[in-house]
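Let me begin by presenting the structure, written as structure tokens, before commenting on it.
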Amino acid sequence: MSDIQKPEMTWEIKTFGELSTNELHDLLKTRVDVFVVEQECAYPEIDGKDPLCIHVLGKNSSGKTLATARIAPAGVIYGEVSIGRVAIDKSLRGTGVGKIVMEQAMTFCIEELNAKTIKIAAQLYLKKFYSGFGFTQISDVYLWDGIEHIDMRFPKKIGNRQ
């Protein structure tokens, strides 16, 4: 058994319009802290897609969002439902929070959006993590904003069947 204790978190899933200004601030801060500051990647974080998406919020006991994911309905980013902008505050890495945020997002995609498939653009170093949820690689490695990525899909398509 791991010595790491899972932090107490509450989980919410909201449309952009349902987000409070504090929630929007916290989710953008978490994403910028991870993708722009920590990974030293200057890219357009605010890309105009957030208002069209659904947002998973993992909040600590003080109500601050420290884990987030963005769910894009089919047609917003890809032709199919997708999950992206998965970001976990550095203080929570290795605690299982990343797994929970993905489970929350995938459950919503399947149960609420009736997704038959889910597509992600994964940073290559996270391939094993996403494979653990049943995602399989569907593209060659490519650079996106200077970081190696691969496209992945859940579930794996078998022939022409889903």
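These values consider heavy atoms only, across backbone and side chains, with no hydrogens, waters or symmetry-generated copies.
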Step-by-step side-chain contact (heavy atoms from CB on, under 4.5 Å) determination, Met152 to Ile150: CA-CA 6 Å; Met152 300 183 82; Ile150 52 173; 3.9 Å; yes

Gln104 side chain reached by Ile13 side chain, heavy atoms, under 4.5 Å: yes

Inter- and intrachain pairs under ring-ring contact (aromatic ring centres under 6.0 Å, His included), touching residues 83-138, at least two apart: Phe129-Phe133, Phe135-Phe154

Between Asn22 and Ser20: side-chain donor-acceptor atoms closer than 3.5 Å: no

Leu19-Trp11 co-clustered via ILVMFWY side chain contacts under 4.5 Å: no

Over all atoms of both residues, closest heavy-atom pair of Tyr142 and Asp151: OH-OD1, 2.5 Å

In one Ile/Leu/Val/Met/Phe/Trp/Tyr side-chain cluster, 4.5 Å: Ile88, Leu124: yes

CA sep, side-chain torsions, deciding dist, call: Leu28, Asp50, side-chain contact (heavy atoms from CB on, under 4.5 Å): CA-CA 10 Å; Leu28 290 173; Asp50 283 314; 4.2 Å; yes

Main-chain N/O of Thr65 paired with Thr30 side-chain donor or acceptor, under 3.5 Å: yes

Side-chain (Arg85) to main-chain (Glu45) donor-acceptor, under 3.5 angstrom: yes

Smallest separation among heavy atoms of Glu18 and Thr15, with atom names: OE1-N, 2.8 Å

From CD1 (Ile71) to CE (Met106), nearest 0.5 Å: 10.5 Å

Nearest-0.5 Å distance that lies between atom CG in Leu126 and atom NE2 in His149: 9.0 Å

side-chain contact (heavy atoms from CB on, under 4.5 Å) assessment of Ile147 paired with Gln39: CA-CA 9 Å; Ile147 297 173; Gln39 294 182 354; 3.6 Å; yes

Flag if over 12 foreign heavy atoms under 6.0 Å of CG, Asp140: no

Value rounded to 0.5 Å, distance of CD in Gln123 from CG in Asp145: 10.0 Å

side-chain contact (heavy atoms from CB on, under 4.5 Å) partner of Arg153, the single match among Ile118, Thr117, Ile120: Thr117

Taking every non-hydrogen atom, the tightest pair across Ala74 and Gly79: CB-O, 3.4 Å

Close side-chain approach of Leu143 and Glu148, heavy atoms under 4.5 Å: yes

Minimum heavy-atom distance Pro51-Gly48, with the two atoms named: CD-O, 3.6 Å

Joint hydrophobic cluster, Leu27 plus Ile54, side-chain heavy atoms closer than 4.5 Å: no

Cluster overlap Phe35 with Ile83, hydrophobic side-chain contacts below 4.5 Å: no

Minimal non-hydrogen separation, Val97 against Thr95, with atom names: CG2-OG1, 3.2 Å

Gap separating the NZ atom of Lys49 from the CZ atom of Phe16, nearest 0.5 angstrom: 13.5 Å

Pairwise side-chain contact, Leu57 with Glu23, heavy-atom cut-off 4.5 Å (strictly under): yes

Spacing of Ser91 atom OG and Leu66 atom CG [to the nearest 0.5 Å]: 5.5 Å

His55 side chain to Leu24 backbone, donor-acceptor under 3.5 Å: no

Closest heavy-atom pair and its distance - Cys53, Pro73: CA-CD, 4.3 Å

Glu80 bridged to Lys116 by N-O distance under 4.0 Å: no

Residue pair Tyr43 / Val36, side-chain heavy-atom distance below 4.5 Å: yes

side-chain contact (heavy atoms from CB on, under 4.5 Å) assessment of Lys59 paired with Asp26: CA-CA 10 Å; Lys59 298 178 179 184; Asp26 288 353; over 6 Å; no

Hydrophobic cluster membership, Val76 vs Tyr78, 4.5 Å side-chain cutoff: yes

Val141 vs Lys127 side-chain heavy atoms within contact, under 4.5 Å: no

